[in-house]
Each structure stands twice: as C-alpha cells, then as structure tokens.
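Note that the structure is predicted; figures quoted are calculated from it, not measured.
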Amino acid sequence: MQKTIKIYDRDSHLTTCEAMVLHCEFDKARDTHAVILDQTVFFPEGGGQFADLGYICENASEAESNNHKINQEPQKPVILANILDVQISDDIITHYTDRPMEVGTRVTCHIDWNRRFDFMQQHSAEHILSGLVYRTFGYHNVGFHLGMTETILDFDGPLTPEQLTWLEEEANKAIWQNIAFEITFPNKDTLTNLDYRSKKELSGEVRIVTLPGYDICACCAPHVYHTGEIGLVKIVSSMVHRGGMRLTILCGGRALWDYQTKQTSVEQISALLSAKQLEVAAAVAKAKEDQQALIYRVNDLQKKVLEAELKSLPAPDTTENVFLFQKDLDTKAIRNAVNDLCTRYTGYCGIFVGDSETGYNFVLGSATKDCREAATALREAFGAKGGGSAKMIQGSVTANETAIRGLIQRHS
Ligand SMILES: [Zn+2]
C-alpha cells in the first residue's frame, strides 16, 4: 500500500480535498469500515491531538455532471460515509467510517472545520507557552493533553505565580504580533545541529514547526497560519505536579466561552451583593464574615434563652422529672444543659426542641433511671427514633408536648 499524501501537512486550512478510495475492509474489532485513500485532509490522531471528524461524499464534479444529465437544479453531493476516527500507521492513514466505500471511487473529503480550528487554536498556543517556558526557564513540556474542553500542560520545573502571570502576558503578546508559523522538513544534518523541543531519534522525515522568536518543535499536527488566529490564551489553573507544574489552559473560542460564563456569574454576584464587578471577591469575604458574626450572636442568644428557661423550671425539691420544650436550640447546648440538670434532679431530665407538628429533637438523661426504657416507650407509643445509653438518649419524636410528658411520667 502506498503512503497516504497528507494534504493537511502542506495546508492546515484546507477543509476539503478530492481523493481516490484505494482500500476498504470491515474492521471487526471496531465494528466499522476501514477506508484508505490516496490522499486526505483528515488529520489522524497524534501528537496529543484528536483525529479530525467529518464526512466523505461523492466527488463534486461527478455529482455535477449527474445533475446535468437529468437536467435538474444542482443538488448537494450525496454523503457516502461519516468519519468516526482516523489513525496513522507506517505513513498509511486509515479512515474509520460508518459505511463501506467502493474501491476505485473518486470522492471528496470534508473535515469538521470548527472542531479542527478549535484544536489548532489550543495546540498552537501550547507551542507558544512551551517555547517560552523552555527558552526562559529551561523546563521541558513533559505532558500534553488536548481534551475536548480543556488543555493540560506539564512542565518539569516549578513556576511562581508571578512567573505564570508573566508567561500568560508574553504568550498573548506573541498572539498580538500575528507571527506566522513555519513548517519545514529539514535534512538530517540540519536536524542534528538544531536545538528544538521534542528531539528524539525519529526515523523518516521530521516535521519542524517553528514560531520565530518563540519556539522550534518537532510536531506532526496542523497549526494556525498566524498566531493572531489563536485570539487569546488564558491559564485557568496551575498546580504543583510531580515536582513540576501542571497548567490548564483555554484558548480562542474556549477562552471566550470561559469569559462569558464567568462574566454572567460575576454579574449575578455583583447584583446580589451590590458590589462593583471587580470587587466581588472582597464583597463575598465580607458577607462570609458577617454571617459568621451572626452565627456567634445567635448562639449567644440561644444560650441566654436556655439559661432563662432553666431558671424558670420547678425547683429540684418539688419534682423528680423535669422537661423543657423549646422551639429552636443548638444540639450541643442541649446536651450540656441535660447533663447539668441530671446533677440536680433525681428523675428524667429532657429537653425537646421543635414543635408537635414537624416533631421534636430531644435529649433525655437521668442519674438514676434507665433512659433506654423511656426510649422504648417513646418508640412504641409515637414511633420515636434514636437511642443511646442508660444515662442518656438522643432522638426525634413527633407527638404533642402533653402526650410526651404524660408518657415519660408514667414510666418513671
Ligand atoms: Zn505540537
């Protein structure tokens, strides 16, 4: 089989090309058809970049002559197959398609340009960043993943927040200069003396992607013509990773989408807190502080209410059991109060928080009686939940105050 001519290698902006179907067979493992063409605009997966998708239709000129024959309005060429994946092996590119194709047919290939252009924006920006990091700090790009939503870059050295800000600014300056990417296939001698990234012992010709002043790198993927096409590069997160640095970047359309989404979010926070858009973080910090102060205040008031309620209880020499029903109290405060009551009263000491309709959360303690017996009685009578030790039980119950008081009185 002859090597596939890589149209995308010569021109990254061609979205269609004519081709001849050389081979087609059913790929059992993939449950798709494996099609080989004499040439293609479809970039196969490689260099950290996904394969192009798109479709293959009947040759445009043949479709036109067919239209002519039957004397009708020109029709859109018929799609013969959709591209599901593209892979390369030994310079032969295999297109995995949803339908078989007849060998010898002349066809036209169409790539999904939006997808390709998005990938090129991310990948070309990665070269700018990696080139800058290599030239300035001497770190290598040791990991590159161009995902569907974000791109991850790993460097083998640390970068400070100031260095990252500088890096982002320099990369965007490279975009504003609208510099042209150069694609070359240098001979072996030239390669040996060339300082470029991703230098490995490669057999066959090596494709060098150069961005003058910024980067030289061996790379098989298609790139934008000029850096201006990238539009914008934004580092959206950075973390220390294996002694180096992992960056997540968004470029071009993805960076715009990110800005739009964050802008909507900032606008909403700004309106909610009546703060200027650039000052929402300080406004949120202030709101959190205010909330914490309110929590302290509420806790303090609850404590005071509880103290007052406890003072109003009948004296220990007039009753064995003592109960307090309250609308709203903090659980920790209740436990402490019940413990305190148990040192003064001989019977059951209980605090119930809530109301008879939605139910009460309760803590029941006793220095002399087995609280588990009261728990059983509450469960059997009102379906109460919870449990604990002989000295103290905790749970929830839905019944009215009089019924609860009556039941525990009877069991004491
Ligand atoms: Zn590359």
Side-chain angles (χ1 to χ4, degrees), residues 1-27 30 32-64 77-117 119-120 123-124 127 146 180-188 190-191 198 200 202-210 217-225 229:
M1 187 69 67
Q2 68 190 60
K3 289 180 180 178
T4 313
I5 299 167
K6 303 165 182 170
I7 302 281
Y8 59 82
D9 244 7
R10 283 187 259 142
D11 189 342
S12 61
H13 285 53
L14 277 181
T15 59
T16 69
C17 80
E18 293 196 357
M20 171 75 81
V21 178
L22 300 181
H23 182 82
C24 177
E25 64 177 33
F26 185 68
D27 187 309
R30 286 173 168 256
T32 53
H33 304 274
V35 175
I36 296 170
L37 307 170
D38 61 341
Q39 57 177 13
T40 189
V41 272
F42 289 102
F43 172 69
E45 183 175 358
Q49 187 169 321
F50 290 124
D52 284 332
L53 299 182
Y55 60 92
I56 294 175
C57 63
E58 63 180 352
N59 189 294
S61 54
E62 280 178 23
E64 208 170 280
V78 176
I79 293 177
L80 299 174
N82 291 298
I83 302 294
L84 308 172
D85 191 17
V86 188
Q87 295 290 329
I88 186 167
S89 176
D90 295 331
D91 276 329
I92 296 170
I93 295 174
T94 305
H95 307 73
Y96 293 96
T97 62
D98 60 350
R99 277 168 265 173
M101 305 197 68
E102 207 176 310
V103 172
T105 315
R106 288 213 62 83
V107 295
T108 307
C109 304
H110 295 259
I111 63 166
D112 176 343
W113 172 247
N114 288 340
R115 175 184 160 99
R116 157 74 81 76
F117 186 64
F119 287 161
M120 294 201 304
H123 196 145
S124 296
H127 277 228
L146 204 174
F181 276 91
E182 293 167 5
I183 310 295
T184 51
F185 297 89
N187 61 35
K188 236 182 155 114
T190 313
L191 279 174
S198 290
K200 289 176 215 142
L202 293 169
S203 58
E205 60 181 8
V206 175
R207 185 172 184 265
I208 295 291
V209 177
T210 303
C217 182
C219 179
C220 61
H223 285 268
V224 296
Y225 286 158
E229 291 169 63

So do [Y] and [X] actually touch side chain to side chain, heavy atoms under 4.5 Å?
X	Y	answer
Ile36	Ile92	yes
Glu58	Thr108	no
His127	Val209	yes
Val206	Phe185	no
Thr40	His95	yes
Gln2	Asp38	yes
Ile208	Leu191	yes

Evaluation steps, side chain to side chain contact (heavy atoms under 4.5 Å, CB included), between Ile183 and Arg10: CA-CA 8 Å; Ile183 310 295; Arg10 283 187 259 142; over 6 Å; no
Sidechain-backbone polar pair: Thr184 side chain, Pro186 backbone, donor-acceptor under 3.5 Å: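 No; zero donor-acceptor contacts below 3.5 Å.
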Donor-acceptor contact below 3.5 Å, side chain Arg99 vs main chain Ile79: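 Answer holds: yes.
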Flag for Glu229-His223: side-chain donor and acceptor within less than 3.5 Å: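 No, because no side-chain N or O of His223 sits under 3.5 Å from a partner of the opposite role on Glu229.
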Side-chain donor-acceptor pair present, Glu18, Asn59, cut-off under 3.5 Å: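 Yes - a donor-acceptor pair under 3.5 Å links their side chains.
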Of all heavy-atom pairs between [X] and [Y], which one has the smallest distance, and what is that distance?
X	Y	answer
Cys24	Val35	SG-CG2, 3.9 Å
Arg116	Val41	NH2-O, 3.0 Å
Leu84	Leu53	O-CD2, 3.5 Å
Pro44	Tyr8	CD-OH, 3.2 Å
Phe50	Leu146	CE1-O, 3.3 Å
Phe43	Pro222	CD1-CD, 3.5 Å

Within 6.0 angstrom of Asn187 CG, more than 12 heavy atoms from elsewhere: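 Counting other residues, nucleotides and ligands, CG of Asn187 exceeds 12 neighbours.
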Pairing residues for Arg30 by the side-chain hydrogen bond (donor to acceptor under 3.5 Å, both in side chains) criterion, not counting sequence neighbours: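 If we apply the side-chain hydrogen bond (donor to acceptor under 3.5 Å, both in side chains) test to Arg30, skipping adjacent residues, the hits are Asp85.
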side-chain contact (heavy atoms from CB on, under 4.5 Å) involving Gln39 - partner list, sequence neighbours excluded: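 Partners of Gln39 under the side-chain contact (heavy atoms from CB on, under 4.5 Å) test: Ile5, Ile7, Ala19.
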Within this structure, what is the [atom1]-[atom2] distance for the pair [X] and [Y], rounded to the nearest 0.5 Å?
X	Y	atom1	atom2	result
Leu80	Thr97	CG	OG1	10.0 Å
Asp11	Tyr225	CG	OH	3.5 Å
Cys217	Phe181	SG	CZ	10.0 Å
Asp112	Phe42	CG	CZ	9.0 Å
Asn114	Phe119	CG	CZ	11.5 Å
Asp91	Lys6	CG	NZ	4.0 Å

ring-ring contact (aromatic ring centres under 6.0 Å, His included) between Tyr96 and His33, worked out: CA-CA 5 Å; Tyr96 293 96; His33 304 274; over 10 Å; no
The single option from Ile93, Thr94, Val107 passing side-chain contact (heavy atoms from CB on, under 4.5 Å) against Leu37: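 Exactly one pass, corresponding to Val107.
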Thr15 vs His110, side chain to side chain donor-acceptor pair (under 3.5 Å): CA-CA, chis, key distance, verdict: CA-CA 6 Å; Thr15 59; His110 295 259; over 6 Å; no
Arg207/Asp9 ion pair, N-O < 4.0 Å: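 Looking at Asp9 together with Arg207, the answer is yes, because their closest N to O distance falls below 4.0 Å.
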